[in-house]
Number of protein chains: 2
Amino acid sequence: MYAASQPAVQSFQPSDSATGASIPGPHLVAAYKPGREIYAEGDAVERCYQVATGAVRIYRLLSDGRRQVVSFHLAGEMFGFEAGARHRFFAEAITETRLAVFGRRPMQEYSRELLALALAGLARAQEHLLVIGRQCAVERIAAFLLDISYRQGDVRQLKLPMSRQDIADYLGLTIETVSRVMTRLKERGLIGLRDARTVDITKPDALRSLCS
Amino acid sequence: MYAASQPAVQSFQPSDSATGASIPGPHLVAAYKPGREIYAEGDAVERCYQVATGAVRIYRLLSDGRRQVVSFHLAGEMFGFEAGARHRFFAEAITETRLAVFGRRPMQEYSRELLALALAGLARAQEHLLVIGRQCAVERIAAFLLDISYRQGDVRQLKLPMSRQDIADYLGLTIETVSRVMTRLKERGLIGLRDARTVDITKPDALRSLCS
DNA sequence: CGGAATCTTGACCAAGTTCAAGCGGTGTGG
DNA sequence: CCACACCGCTTGAACTTGGTCAAGATTCCG
């Protein structure tokens with residue numbers, strides 16, 4: 001449902017892109033343990049990142065502890081560019097994660113490439129707004145599973161890197177609701193749950209028709 | 001709460017911006033009656049727009065009629081740039097509206113300026129995600145009123161160009177809930193309601209402390 | 001003045017939250 | 001090696017927020 005706008009892999013080095021440009025040569029690769037912070041709210045924006053392996057969550061905390069995850073980033077996807085000089089969200093590795101890191105210089109020089117990425121990010125945020133603003137719990141979960149499946153290469157069996165709590169905070173639900181909906185989808189035969197993090201999409205069309 | 005990232009006025013022609021660049025000369029100015037469509041979902045993306053006067057809503061419809069307004073654009077603000085070749089949202093004039101229209105050429109040549117706009121749009125969408133995903137009805141309305149007030153120049157008395165239905169569809173609520181919360185805020189003395197569209201923010205700090 | 005939007009209000013209802021308990025796997029220390 | 005504690009997940013029951021449905025009130029205009 002909201003996979004449509006999602007390129008399978010984002011990259012600064014498009015092999016055959018319309019622009020022909022690419023960010024040159026060697027760049028840092030950093031490794032992060034699960035839960036490790038990549039940047040914090042308030043930090044200066046001076047790099048951007050591409051996930052080599054693993055997964056990342058971007059989120060914000062409210063003063064009373066409520067958390068909103070605004071995006072996940074899987075292998076191949078870029079993140080870290082923001083409007084102002086300071087980050088307004090936290091970024092954390094979800095699993096064992098390796099990142100390609102791009103410095104300030106490239107970011108300023110490659111505004112055309114960054115523009116495409118920013119516009120793609122905007123599109124995804126807007127799709128997500130639609131899901132959170134106007135869809136019920138089942139629809140949100142269905143859309144989420146399809147989106148992740150699509151981003152992992154339209155696989156039938158997907159490995160969720162994130163916890164139920166992460167999913168809940170991404171979809172504006174509680175962990176209990178996520179859990180309940182998952183089991184309900186399993187009972188209805190739309191998905192299989194090998195374990196909590198391993199989902200088989202047994203009836204993709206049925207799932208798709210769920211998120212109107 | 002989410003006004004912080006919002007420049008008071010966005011422009012392709014920043015008088016004293018860091019870039020120094022500006023998009024040259026004459027461009028079309030178009031007028032729209034209330035409710036008139038500016039572009040539709042599926043239309044080719046070939047212009048972008050700056051609101052001269054009036055207000056615009058950007059939205060998407062679900063097949064069963066549910067609507068999500070993803071953004072409003074007030075005087076000075078730009079919209080219309082999207083990731084793909086086709087629009088994935090509708091744009092409509094809310095009130096009597098005049099728009100400055102920019103063609104394809106400038107859009108391709110001014111990626112730096114567009115990048116800033118896209119990043120600002122991304123920031124706003126993400127803030128909005130936080131509001132819709134994790135805040136209750138009162139918090140949403142409080143944040144909304146403060147945001148609009150800020151964007152109209154931090155005025156105490158604000159004129160809402162949009163209907164209760166527009167607000168509801170923007171905040172992921174129903175028109176009834178919006179109405180109830182408004183009257184409750186009035187009863188508590190946080191705002192005054194001259195008429196439904198004219199709001200006095202009598203206690204801005206109290207309102208601010210509402211949206212945690 | 002009449003009619004149509006738009007907005008408000010009330011009573012009831014339901015989806016999702018909260019609170020609480022239990023399950024299952026994993027890792028650790030006795 | 002087993003016992004135990006921990007963590008993430010699931011499940012159930014009661015509750016609450018916001019939604020639905022229905023009726024009025026207001027405003028806007030012709």
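Sequence lines set the chain letters: A, B, ... in the order given, protein chains first and strands last, and positions in each chain run from 1. Basis for what follows: all heavy atoms, side chains included, without hydrogens, waters or symmetry-related copies. What you see is a predicted model, and the numbers here were worked out from it, not measured in a lab.
Bracketed by its first and final contacts, the part of DNA chain C lying under 4.0 Å from non-hydrogen atoms of chain A reaches from dG16(C) to dC19(C) in 5' to 3' order.
In plain terms, the two heavy atoms of Val70(A) and Tyr170(A) that are nearest each other are O-CE1, 3.7 Å.
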Between protein and nucleic acid, restricted to nucleotides 7-11 of chain D and to nitrogen or oxygen atoms under 3.5 Å apart, what atom pairs and distances do you find?
from    : atom 1 : to        : atom 2 : distance (Å)
dC9(D)  : OP1    : Arg197(A) : NE     : 2.8
dC9(D)  : OP1    : Arg197(A) : NH2    : 3.3
dC9(D)  : OP2    : Arg164(A) : N      : 3.1
dT10(D) : OP1    : Arg164(A) : NH2    : 3.3
dT10(D) : OP2    : Arg164(A) : NE     : 2.8
dT10(D) : OP2    : Ser179(A) : OG     : 2.7
dT10(D) : O5'    : Ser179(A) : OG     : 2.9
dT11(D) : OP2    : Thr183(A) : OG1    : 3.1

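Atom-to-atom distance recorded for Leu62(B):CG and Ser212(A):OG is 4.5 Å, nearest 0.5 angstrom.
Remark: of the listed residues Phe89(B), Phe72(B), Phe90(B), Phe90(B) is the sole one forming a ring pair (Phe, Tyr, Trp, His ring centres under 6.0 Å) with Tyr59(B).
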query = Glu96(B) and Arg36(B): salt bridge (Lys or Arg N to Asp or Glu O under 4.0 Å), yes or no, with the steps?
reply = CA-CA 9 Å; Glu96(B) 197 80 33; Arg36(B) 192 63 204 274; over 6 Å; no
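Glu41(A) is linked by a salt bridge (charged side-chain N to carboxylate O under 4.0 Å, His left out) to Arg60(A), counting only residues two or more places apart in sequence or in another chain. Contacts of Asp195(A) classified as salt bridge (charged side-chain N to carboxylate O under 4.0 Å, His left out), with partners at least two apart in sequence or in another chain: none.
Judged by distance alone, the side chain of Arg140(A) and the main-chain N or O of Leu171(A) form a donor-acceptor pair under 3.5 Å. With hydrogens and angles ignored, the 3.5 Å screen pairs a side-chain donor or acceptor of Thr97(B) with a backbone N or O of Thr95(B).
dG18(D) atom P lies 14 Å from atom CD1 of Ile132(B), rounded to whole Å.
Each end of the helix from dC1(C)-dG30(D) to dG30(C)-dC1(D) gets its own axis from five base pairs, and the two axes differ in direction by 30°, given to 10 degrees.
Taking the six-membered ring for Trp and the full ring otherwise, the centers of Tyr49(A) and His73(A) sit at least 6.0 Å from each other.
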Please tabulate, one pair per line, all N/O donor-acceptor pairs under 3.5 Å involving side-chain atoms of residues 157-165 of chain A, not counting sequence neighbours.
from      : atom 1 : to        : atom 2 : distance (Å)
Gln157(A) : OE1    : Arg194(A) : NH2    : 3.3
Lys159(A) : NZ     : Thr198(A) : OG1    : 3.4
Ser163(A) : OG     : Gln165(A) : N      : 3.3
Ser163(A) : OG     : Asp166(A) : N      : 3.1
Ser163(A) : OG     : Asp166(A) : OD2    : 3.4
Arg164(A) : NH1    : Ala196(A) : O      : 2.9
Arg164(A) : NH2    : Ala196(A) : O      : 2.9
Gln165(A) : NE2    : Asp169(A) : OD1    : 3.2
Gln165(A) : NE2    : Asp169(A) : OD2    : 3.4

